[in-house]
Engineer: 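The structure under discussion is supplied below as C-alpha cells; questions concerning it will follow.
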Amino acid sequence: MGDWLWYGGRPSVDLVNTIRDRKLGGRETLRTAADLEAWLRAADLPGVPADDDLRATRRLREAIDLLAFPAASAPDRGTVAEAGDALPRTAREAADVINAAIAAAPPVPRLALDGAGRPISAPRDESTAAALAVLAVDAVGLLTGDDLLRVCAAHDCGIRFVDRSPARNRQWCSMRRCGNRTKARRHYDRTRT
C-alpha cells in the first residue's frame with residue numbers, strides 16, 4: 001500500500017495513474033478494497049469500499065483513460081483486468097460509466113480542508129460512491145476543458161498527466177522519477193559511442 005503517485009494534476013488523472021508501468025504491460029495498485037480505501041484516504045476522499053466498489057473504481061478509471069487518452073496504443077493502455085471487471089471498450093461505454101458514477105451519488109459539495117489546510121471540495125455523502133462521483137465530475141471537467149493531456153515519454157512509464165508547464169512541452173511525469181533517468185541514459189549512450 002501507499003504506492004501512489006500524484007503527478008496527474010487532477011484527481012481523475014491520479015486515479016488513472018493507479019495502474020503503473022503501463023508501457024511494460026501494467027501493474028495494478030488497487031488490488032483489494034483495502035488498497036482502494038488507502039488511496040481514497042490519501043486523495044482526501046471518503047469511503048470504506050467493498051469489492052463491488054473496487055470493481056466500480058476500476059471501471060471508472062478505465063473509462064477516464066479511454067476518453068482522456070484515446071491516442072494511447074493498446075500496449076500502452078496497460079489495463080490490468082481482474083475477474084469480474086467489465087471494463088468499457090468504446091467511447092460510448094466509457095461515457096456511460098462516468099455518467100453512472102455521477103448519478104450513483106450526486107455530489108453536493110461542501111468546503112473542507114485537506115491535510116495541508118488547503119480548501120478542497122468534499123462530498124457531503126461519505127460513501128465510496130460519493131468519492132467516485134467526485135472523481136467522475138472531475139473527469140467531466142478534464143474531458144470538456146482545455147487541459148493539455150500527455151503520457152510520460154519514458155520508455156517504461158506510461159503515467160498520464162496534465163501539462164501545465166509554461167511552454168506546454170512537459171515530457172515526463174516527473175523530472176525526478178523519469179526525466180533524470182532518461183537524460184542520464186541518453187548521455188551514457190552518447191558518450192559510450
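Predicted, not measured: the structure shown is a model, and the values here were computed from it.
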Engineer: State, to 0.1 Å, how close Asp53 and Val48 come at their nearest heavy-atom pair, and which atoms those are.
Structural biologist: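 Taking Asp53 first and Val48 second, the nearest heavy atoms are OD2-O, 4.3 Å.
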Engineer: Is there a side-chain contact between Leu67 and Leu142, using heavy atoms and a 4.5 Å cut-off?
Structural biologist: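 Side-chain contact under 4.5 Å: no.
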Engineer: A side-chain contact here means heavy atoms from C-beta on lying under 4.5 Å apart; do Glu93 and Leu66 qualify?
Structural biologist: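 Sidechains of Leu66 and Glu93: no contact.
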Engineer: Hey, is the main chain of Ser12 close enough, under 3.5 Å, to the side chain of Asp138 for a donor-acceptor pair?
Structural biologist: yes
Engineer: Do Leu149 and Val162 come close enough that some side-chain heavy atom pair is under 4.5 Å?
Structural biologist: yes
Engineer: Search all heavy atoms of Trp4 against all heavy atoms of Ala42 and return the closest pair with its distance.
Structural biologist: CD1-CB, 4.0 Å
Engineer: Can a salt bridge be assigned to the pair Asp44 and Arg118 using a cut-off of 4.0 Å between side-chain N and carboxylate O?
Structural biologist: no
Engineer: Sequence neighbours left out, what passes salt bridge (Lys or Arg N to Asp or Glu O under 4.0 Å) with Asp156? Give chain and number order.
Structural biologist: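 Scan of Asp156 (salt bridge (Lys or Arg N to Asp or Glu O under 4.0 Å), adjacent residues dropped) gives Arg181.
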Engineer: The test is side chain to side chain contact (heavy atoms under 4.5 Å, CB included); show your working for Thr18 and Leu36 and say whether it passes.
Structural biologist: CA-CA 10 Å; Thr18 59; Leu36 176 56; over 6 Å; no
Engineer: Any side-chain heavy atom of Asp35 sitting closer than 4.5 Å to one from Thr29?
Structural biologist: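 Result no, sub-4.5 Å side-chain heavy-atom pair not found.
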Engineer: With rounding to the nearest 0.5 angstrom, report the SG to OH distance, Cys178 to Tyr7.
Structural biologist: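 If we round to the nearest 0.5 Å, Cys178:SG and Tyr7:OH are 8.0 Å apart.
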Engineer: For the residue pair Pro11 and Leu135, establish whether any side-chain heavy-atom pair is separated by less than 4.5 Å.
Structural biologist: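 Pro11 reaches Leu135 side chain to side chain.
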Engineer: Please identify each residue that fulfils side chain to side chain contact (heavy atoms under 4.5 Å, CB included) with Ala43, with sequence neighbours left out.
Structural biologist: Trp6, Trp39, Leu45
Engineer: Taking Glu62 first and then Arg58, would you say they form a salt bridge - that is, a charged N and a carboxylate O separated by under 4.0 Å?
Structural biologist: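 No.
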Engineer: Between CD1 of Ile98 and CG of Leu143, what distance do you get to the nearest 0.5 Å?
Structural biologist: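 That separation rounds to 5.5 Å.
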Engineer: Minimum heavy-atom separation for Ala33 to Asp51, with atom names?
Structural biologist: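 Nearest heavy atoms, Ala33 then Asp51: CB-OD1, 4.1 Å.
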Engineer: Ignoring hydrogens and angles, tell me if any N or O in the side chain of Arg170 forms a donor-acceptor pair with the backbone of Cys173 under 3.5 Å.
Structural biologist: yes
Engineer: Taking Val16's backbone N and O only, do any of them form a donor-acceptor pair with Arg160's side chain (distance below 3.5 Å, no angle check)?
Structural biologist: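 Here the side-chain-to-backbone pair does not exist.
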Engineer: With a 3.5 Å distance limit and no angle check, can you tell me whether Arg177 reaches the backbone of Met175 through a side-chain donor-acceptor pair?
Structural biologist: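 Flag not set: sc Arg177 to bb Met175 has no pair under 3.5 Å.
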Engineer: Taking all atoms of both residues into account, what is the closest heavy-atom pair of Val140 and Thr144, and its distance?
Structural biologist: O-OG1, 2.7 Å
Engineer: Which atom names give the shortest non-hydrogen contact between Cys152 and Phe161, and what distance separates them?
Structural biologist: N-CE2, 3.6 Å
Engineer: Nearest heavy-atom pair of Pro46 and Ser127: which atoms, and what distance?
Structural biologist: CG-O, 3.9 Å
Engineer: Is any side-chain heavy atom of Arg27 less than 4.5 Å from a side-chain heavy atom of Ile19?
Structural biologist: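 Of all side-chain heavy-atom pairs linking Ile19 with Arg27, none is under 4.5 Å.
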Engineer: Would you please name every residue forming a salt bridge (Lys or Arg N to Asp or Glu O under 4.0 Å) with Arg176, sequence neighbours left out?
Structural biologist: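 In terms of salt bridge (Lys or Arg N to Asp or Glu O under 4.0 Å), with neighbours along the sequence ignored, Arg176 is linked to no residue.
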Engineer: Using modelled atom types only, decide if a donor and an acceptor are shared between the side chain of Asn17 and the backbone of Ile159 within a distance under 3.5 Å.
Structural biologist: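 Such a contact is absent between Asn17 side chain and Ile159 backbone.
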Engineer: Answer whether the closest heavy-atom distance between the side chains of Arg22 and Asp65 falls below 4.5 Å.
Structural biologist: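 Answer yes - side chains close enough.
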